[in-house]
Amino acid sequence: MSATVQIALGITAGSALAYLHLRTLRPSVDWLAQGRAAPAIGLQLARFALLAVGLLSMTAIGPAALAASAAALVIGRAVVLRWMKDRLT
């Protein structure tokens, strides 16, 4: 598989992983704030398992896919944190 295809797949998968990972952060924090630790911990474990499976699946495609998905995760996180900071201030 060409590096261009690997990068495209990696960016797509990394963006989807970032969205799902960060979208499920709010319920987890809310549950912890409400004293509901068991579902919050379960969701945290599921969030990290999803990241692990996603990134490991990128290794099967190739190194460019893994690098691109990791970059998309980091960029997605930065975008969401900046958006949340602007929203809270």
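When a residue number appears, it is its place in the shown sequence, counting from 1.
Under the rule for a salt bridge (charged side-chain N to carboxylate O under 4.0 Å, His left out), Arg82 has no partner lying at least two apart in sequence or in another chain. Applying the side chain to side chain contact (heavy atoms under 4.5 Å, CB included) rule to Thr4 yields the partners Ser2; only residues at least two apart in sequence or on another chain are considered. With sequence neighbours left out, Val80 forms a side chain to side chain contact (heavy atoms under 4.5 Å, CB included) with Leu22, Met84. For Pro63, the side chain to side chain contact (heavy atoms under 4.5 Å, CB included) partners at least two apart in sequence or on another chain are Gln6. For the side chain to side chain contact (heavy atoms under 4.5 Å, CB included) test, residues two or more places apart in sequence or in another chain that qualify with Ala18 are Leu73.
Within the structure, ring pair (Phe, Tyr, Trp, His ring centres under 6.0 Å) contacts touching residues 50-73 (residues at least two apart or in different chains) do not occur. Sorted by first and then second residue, the salt bridge (charged side-chain N to carboxylate O under 4.0 Å, His left out) pairs involving residues 22-35 (not counting sequence neighbours) are Arg26-Asp30. Pairs engaging residues 2-12 under the salt bridge (charged side-chain N to carboxylate O under 4.0 Å, His left out) rule: none recorded [sequence neighbours left out]. Screening residues 51-77 for side chain to side chain donor-acceptor pair (under 3.5 Å) gives no qualifying pairs among residues at least two apart or on separate chains. Residue pairs meeting the ring pair (Phe, Tyr, Trp, His ring centres under 6.0 Å) criterion with at least one member in residues 56-79: none, sequence neighbours excluded.
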Donor-acceptor contacts, no H, no angles, side chain residues 8-16, under 3.5 Å, sequence neighbours left out:
unit_1	atom_1	unit_2	atom_2	d
Thr12	OG1	Ala8	O	2.9
Ser15	OG	Ile11	O	2.8

Less than 3.5 Å apart, which donor and acceptor atoms pair up between the side chains of residues 42-56 and the rest of the protein, not counting sequence neighbours?
unit_1	atom_1	unit_2	atom_2	d
Gln44	OE1	Ser28	OG	3.4
Gln44	OE1	Arg47	NH1	2.3
Arg47	NE	His21	O	3.0
Arg47	NE	Thr24	OG1	3.2
Arg47	NH2	His21	O	3.1
Arg47	NH2	His21	NE2	3.0

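Linking ILVMFWY side-chain heavy atoms closer than 4.5 Å, directly or via other members, places Ile41 and Trp31 in two distinct hydrophobic clusters. Under the 4.5 Å side-chain heavy-atom criterion for ILVMFWY residues, no single connected hydrophobic cluster contains both Leu25 and Val74.
Note that CG of Leu66 is 10.0 Å distant from CD1 of Ile61, once rounded to the nearest 0.5 Å.
Considering every non-hydrogen atom in both Ala64 and Ala3, the closest pair reads CB-O, 4.2 Å.
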